[in-house]
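All remarks here apply to the structure that follows.
Values below: every heavy atom of this structure, side chains too, minus hydrogens, waters and symmetry copies. As the structure is a computational prediction, the values presented were derived from the model and not from experiment.
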Amino acid sequence: PEGHSDAQAAFTVPAAVQFTGARHCLVEGCEIGHVGTYGLWFRAGCQDNQVIRTEMFDLGAGGVRIGEGSDPPTEAEAALRNRVENCFLHDGGRIFRHAVGVWIGRSSYNTIAHNDVCDFRYSGMSIGWSWGYAPSSANHNIIEYNHIHNVGKGQLSDMGGIYTLGDSPGTVLRYNYIHDVLSNPKISGGWGLYTDEGSTDILMENNIVHNTVTGTFHQHYGKENRLVNNILAFSQREQLIRSREEDHISFFLDRNIIYFSNGRLLGSTWRNGN
């Protein structure tokens, strides 16, 4: 009676096509469209599956989901080593605006590569599903060579082109082109690369990010993430945001180009030097 409510990412919404315990399956050259849910979901126990050259569009929620929201009780029930490649995921969030283009929960060793993700009302991709520093079963995910653009659309907030959560050793975001991340300017913010609560040990390298509202990179809080050789340009407000000072190193910033014309480089808190 209160209506639909999810904490984040339209988490309780199913998909039009769902796999459970699937191994070595291929979805290739398909179309999933005009649905009120997510497009496709590799659920518990899905390992070594692929989605290739598939278009998902006019979606009530998001595009692709991988894994579940809690740790798998056994290795056989883990979602591992799935691949989404050369897909076009667009025009989502028509009913559940907080859905994302690609969602990876408590799942590891997946590859999301060479996809075009655009026209969602919230984040383009969401990687990991653990708030804080507790060990997580989301690690070694590779997000590379994707074009992520025109997300947010001025509607929702606290979102990113690529959004991460939790302890994520071995996770790499590289060679992605992210632009036009336009959050609701009256609420909190929208960032190109967004390492949210507890994001740890993530490498972000060789990405191009431009045209965001509140920053090209934002770390809420996390530990020892690395930004290497990225081009970060033209946030409407500050360029780099760090929201929480902690006793450990928040992140390393090495060999990046940060280009802007509004005179505001750093936002939030940078006092303690870590």
If every non-hydrogen atom of [X] is compared with every non-hydrogen atom of [Y], which pair is closest and at what distance?
{"X": "Ala61", "Y": "Ala99", "answer": "C-CB, 3.2 Å"}
{"X": "Gln219", "Y": "Thr195", "answer": "OE1-OG1, 3.0 Å"}
{"X": "Ile241", "Y": "Ser268", "answer": "CG2-CB, 3.9 Å"}
{"X": "Gln8", "Y": "Leu165", "answer": "NE2-CD1, 4.0 Å"}
{"X": "Asp196", "Y": "Tyr163", "answer": "OD2-OH, 2.5 Å"}
{"X": "Ser188", "Y": "Ser157", "answer": "OG-OG, 2.7 Å"}

Query raised in the report: Can you check side-chain contact (heavy atoms from CB on, under 4.5 Å) on Ser261 and Phe234, steps first, answer last?
Result: CA-CA 7 Å; Ser261 57; Phe234 295 128; 3.9 Å; yes

Is there side-chain contact between [X] and [Y], with heavy atoms separated by less than 4.5 Å?
{"X": "Ile208", "Y": "His179", "result": "no"}
{"X": "Tyr38", "Y": "Leu59", "result": "no"}
{"X": "Trp41", "Y": "Glu68", "result": "yes"}
{"X": "His218", "Y": "Thr212", "result": "no"}
{"X": "Phe251", "Y": "Arg226", "result": "no"}
{"X": "Glu55", "Y": "Glu31", "result": "yes"}
{"X": "Thr12", "Y": "His4", "result": "yes"}
{"X": "Arg94", "Y": "Asp58", "result": "yes"}

Is it true that [Y] and [X] share a donor-acceptor pair across their side chains at a distance under 3.5 Å?
{"X": "Tyr194", "Y": "Asp158", "value": "yes"}
{"X": "Asn150", "Y": "Asp119", "value": "no"}
{"X": "His149", "Y": "Asp180", "value": "no"}
{"X": "Arg242", "Y": "Asn274", "value": "no"}

Ring-plane angle category for [X] and [Y], please: parallel below 30°, perpendicular beyond 60°, tilted otherwise.
{"X": "Phe57", "Y": "His34", "value": "perpendicular"}
{"X": "His98", "Y": "Phe96", "value": "perpendicular"}
{"X": "Trp129", "Y": "Trp103", "value": "perpendicular"}

Query - Derivation and outcome, salt bridge (Lys or Arg N to Asp or Glu O under 4.0 Å), residues Glu246 and Lys223 - result: CA-CA 9 Å; Glu246 298 180 276; Lys223 184 178 181 180; over 6 Å; no

Please check: side-chain N/O of [X] versus main-chain N/O of [Y], any donor-acceptor pairing under 3.5 Å?
{"X": "Ser168", "Y": "Gly166", "answer": "yes"}
{"X": "Ser199", "Y": "Glu197", "answer": "no"}
{"X": "Ser108", "Y": "His140", "answer": "no"}
{"X": "Asn115", "Y": "Cys87", "answer": "yes"}
{"X": "Tyr109", "Y": "Ala79", "answer": "no"}
{"X": "Glu245", "Y": "Arg271", "answer": "yes"}
{"X": "Ser235", "Y": "Gly215", "answer": "yes"}
{"X": "Asn256", "Y": "Ile231", "answer": "no"}
{"X": "Arg121", "Y": "Gly92", "answer": "yes"}
{"X": "Ser123", "Y": "Val100", "answer": "no"}

If you group Ile, Leu, Val, Met, Phe, Trp and Tyr by side-chain heavy-atom gaps below 4.5 Å, do [X] and [Y] land in one group?
{"X": "Leu89", "Y": "Val13", "result": "yes"}
{"X": "Tyr145", "Y": "Leu193", "result": "no"}
{"X": "Val27", "Y": "Val17", "result": "yes"}
{"X": "Val84", "Y": "Tyr175", "result": "no"}
{"X": "Leu266", "Y": "Leu232", "result": "yes"}

Query raised in the report: Are Glu28 and Arg53 close enough for a salt bridge, meaning some N to O gap below 4.0 Å?
Result: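 The answer is yes: the pair qualifies as a salt bridge.
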
Query raised in the report: Are Arg23 and Gln47 close enough, and set up right, to give a side-chain contact (heavy atoms from CB on, under 4.5 Å), and what steps lead you there?
Result: CA-CA 5 Å; Arg23 308 294 169 92; Gln47 300 180 10; 3.5 Å; yes

Query - Stepwise side-chain hydrogen bond (donor to acceptor under 3.5 Å, both in side chains) test for Thr216 and Gln239 - result: CA-CA 6 Å; Thr216 51; Gln239 308 305 307; 4.7 Å; no

Just verifying a value: how many Å separate [X] [atom1] and [Y] [atom2], rounded to the nearest 0.5 Å?
{"X": "Leu80", "Y": "Asn141", "atom1": "CG", "atom2": "CG", "result": "9.5 Å"}
{"X": "Leu227", "Y": "Asn206", "atom1": "CG", "atom2": "CG", "result": "11.5 Å"}
{"X": "Asn146", "Y": "Cys118", "atom1": "CG", "atom2": "SG", "result": "12.0 Å"}
{"X": "Tyr177", "Y": "Asn207", "atom1": "OH", "atom2": "CG", "result": "12.5 Å"}
{"X": "Arg264", "Y": "Arg237", "atom1": "CZ", "atom2": "CZ", "result": "8.0 Å"}
{"X": "Ile178", "Y": "Leu173", "atom1": "CD1", "atom2": "CG", "result": "7.5 Å"}

Query raised in the report: Should Asn49 and Asn82 be marked as a side-chain hydrogen bond (donor to acceptor under 3.5 Å, both in side chains) after you check the CA-CA gap, both sets of side-chain angles, and the distance that decides it?
Result: CA-CA 5 Å; Asn49 304 291; Asn82 299 289; 3.0 Å; yes

Report task. Output the rest of the hydrophobic cluster of Leu203: all Ile, Leu, Val, Met, Phe, Trp and Tyr residues reachable through side-chain heavy-atom contacts under 4.5 Å, sorted by chain and number. Result -> Ile142, Val172, Val228

Query raised in the report: So Thr164 and Asn225, side-chain contact (heavy atoms from CB on, under 4.5 Å) or not? Walk me through it.
Result: CA-CA 11 Å; Thr164 67; Asn225 298 302; over 6 Å; no

Crowded around [X] [atom1]? As in, over 12 foreign heavy atoms under 6.0 Å?
{"X": "Asp247", "atom1": "CG", "result": "no"}
{"X": "Tyr259", "atom1": "OH", "result": "no"}
{"X": "Arg81", "atom1": "CZ", "result": "yes"}

Report task. List the steps and the verdict of side-chain hydrogen bond (donor to acceptor under 3.5 Å, both in side chains) for His114 and Asn86. Result -> CA-CA 5 Å; His114 297 279; Asn86 278 309; 4.9 Å; no

**Report entry** Close aromatic pair by centroid cut-off 6.0 Å: His210 and Phe260
**Finding:** no

Query raised in the report: Checking side-chain contact (heavy atoms from CB on, under 4.5 Å) for the pair Asn230/Val209: CA distance, chi angles, key distance, verdict?
Result: CA-CA 8 Å; Asn230 302 284; Val209 181; over 6 Å; no

